[in-house]
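Let me begin by presenting the structure, written as structure tokens, before commenting on it.
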There are 2 protein chains.
Amino acid sequence: MSQDNAAGEAVPIGEAARKSGVKVPTIRYYEQIGLLAAPARTGGNRRLFTHDDLRRLAFIRHARELGFDVEAIRALLSLQDHPEQSCASADAIARARLVEVEDRIARLGALRDELARMIDECACGRVAECRVIETLAATHRHGALA
Amino acid sequence: MSQDNAAGEAVPIGEAARKSGVKVPTIRYYEQIGLLAAPARTGGNRRLFTHDDLRRLAFIRHARELGFDVEAIRALLSLQDHPEQSCASADAIARARLVEVEDRIARLGALRDELARMIDECACGRVAECRVIETLAATHRHGALA
DNA sequence: GATACATCCTCTAGCGGCTAGAGGAGCAAG
DNA sequence: CTTGCTCCTCTAGCCGCTAGAGGATGTATC
């Protein structure tokens, strides 16, 4: 009836990957670096992931999508495991990440403008008069090239 | 009179690093991967960078800052070395990069909003009711977690 | 000269966060 | 029993550097 273990207790790694959106080798990698506790195994030595494991994997995936690095995720997970603590640390981690992201957006915006200008001004003739190349070659704030 | 080789012909790697804004080991790395031609050497086996080398280094640095990967830079440099060709390729490379950047900006924008909302809604009490953790744990579009 | 110190050299190994592939074992269906 | 899938472990590779060991060279001072 069920090829997809709808109500089941524990699932093998392939299904865990499908359900969590984390690829199979990545799941094993997370286990290896201790982000995910080693799951139970079958007699045949296959990993069996519980629903809790799947939730943890989804948590990790979401956090990675938000650009948190593994250390930050480790911290967030350990917070999650101690719900009686103050969540000030989680807040701080998220705030730090927000600052990073805003900074990155600002810099990418400048970058986009420069790229757009570069492309805009390129008449697409010979490389000799190509604005794209020229712009890249231009000496900048930093460069004190004689 | 000159400790900084103001009008000089060729400079050692440290000065090349200062002038181009590319770090010493990175310059050697660029040489190693063939992004920069191996420069001349002194009798004592030290690299000597010409002004041309410095311009090339600055070009590379600027392109890296704009997020071009090494392969793209290789292509751009080879275009620069053949100024009689059409610059359509340079244009295409830059356009592709612009698309990437715009995409990245859009995704970072969404991300910023999510982070901001997360932080905003967190009353900073116990982890148990922490929006930051909760948001990360929430099952998403992708997840079909039972 | 001798000495001190900065700069340079080559080489290997490591970072983060995976990803790919070899070589084999387990398991369910026909 | 064989086919074909999933799973296992292990090692090595990706990018773009960065760090460190261990040694040679260059320059300034005494």
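Residue numbers start from 1 in every chain, and the chains themselves are labelled A, B, ... in the order their sequence lines are given, proteins ahead of strands.
- Of the residues in residues 97-104 of chain A, not one places a heavy atom less than 4.0 Å from an atom of DNA chain C.
- No salt bridge links Arg18(A) with Glu15(A); every basic N to acidic carboxylate O contact stays at or beyond 4.0 Å.
- Salt bridge absent: Arg104(A) and Glu100(A) never bring a charged side-chain N and a carboxylate O closer than 4.0 Å.
- Using a 4.0 Å cut-off on heavy atoms, the residues of residues 33-48 of chain A that approach DNA chain C are Gly44(A), Arg46(A), listed by number.
- Using a 4.0 Å heavy-atom cutoff across all strands shown, Val24(B) reaches no nucleic acid atom at all.
- Between Tyr30(B) and the phosphate of dC17(D), there is a side-chain N or O to OP1/OP2 separation shorter than 4.0 Å.
- The closest donor-acceptor contact from the side chain of Arg97(B) to the backbone of Leu115(A) lies at 3.5 Å or more, if one exists at all.
- A nucleotide of DNA chain C counts as in contact with chain B when one of its atoms lies under 4.0 Å from a heavy atom; the first and last such, 5' to 3', are dT7(C) to dT10(C).
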Going through the checks in order, is the side chain to side chain contact (heavy atoms under 4.5 Å, CB included) test met by Leu108(A) and Leu108(B)? CA-CA 10 Å; Leu108(A) 280 173; Leu108(B) 281 173; 3.4 Å; yes
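- In this structure, the side chain of Arg61(A) engages the main chain of Ser20(A) through a donor-acceptor pair within 3.5 Å.
- Distance, Ile60(B) CD1 to dC17(D) C1': 14 Å, rounded to whole Å.
- Ion pair Asp113(A)/Arg117(A) not flagged as a salt bridge, since none of the NZ, NE, NH1 or NH2 atoms sits closer than 4.0 Å to an Asp/Glu carboxylate oxygen.
- For the side-chain contact (heavy atoms from CB on, under 4.5 Å) with Ile93(B), the lone residue among Ile73(B), Leu98(B), Leu76(B) that qualifies is Leu76(B).
- Every residue meeting the side-chain contact (heavy atoms from CB on, under 4.5 Å) condition with Ser89(B), not counting sequence neighbours, appears here in chain and number order: Leu79(B).
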Listed pairs under 3.5 Å, donor-acceptor, residues 30-48 of chain A side chains, sequence neighbours left out:
unit_1, atom_1, unit_2, atom_2, d
Glu31(A), OE1, Arg47(A), NE, 2.6
Arg41(A), NH1, Asn45(A), O, 3.0
Arg41(A), NH1, Asn45(A), OD1, 3.4
Thr42(A), OG1, Gly44(A), N, 3.1
Thr42(A), OG1, Asn45(A), N, 3.3
Thr42(A), OG1, Arg46(A), N, 3.0

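- In this structure, Arg64(B) reaches the dC17(D) phosphate: one of its side-chain N or O atoms is under 4.0 Å from OP1 or OP2.
- Salt-bridge annotation for Asp81(A) and Arg56(A): present, with a side-chain N of the basic residue lying under 4.0 Å from a carboxylate O of the acidic one.
- Residues passing the side-chain hydrogen bond (donor to acceptor under 3.5 Å, both in side chains) test with Asp52(B) are Arg55(B), sequence neighbours excluded.
- The 5' end of DNA chain C is approached more closely, in terms of each residue's nearest nucleotide, by Gly14(B) than by the other of Glu71(A) and Gly14(B).
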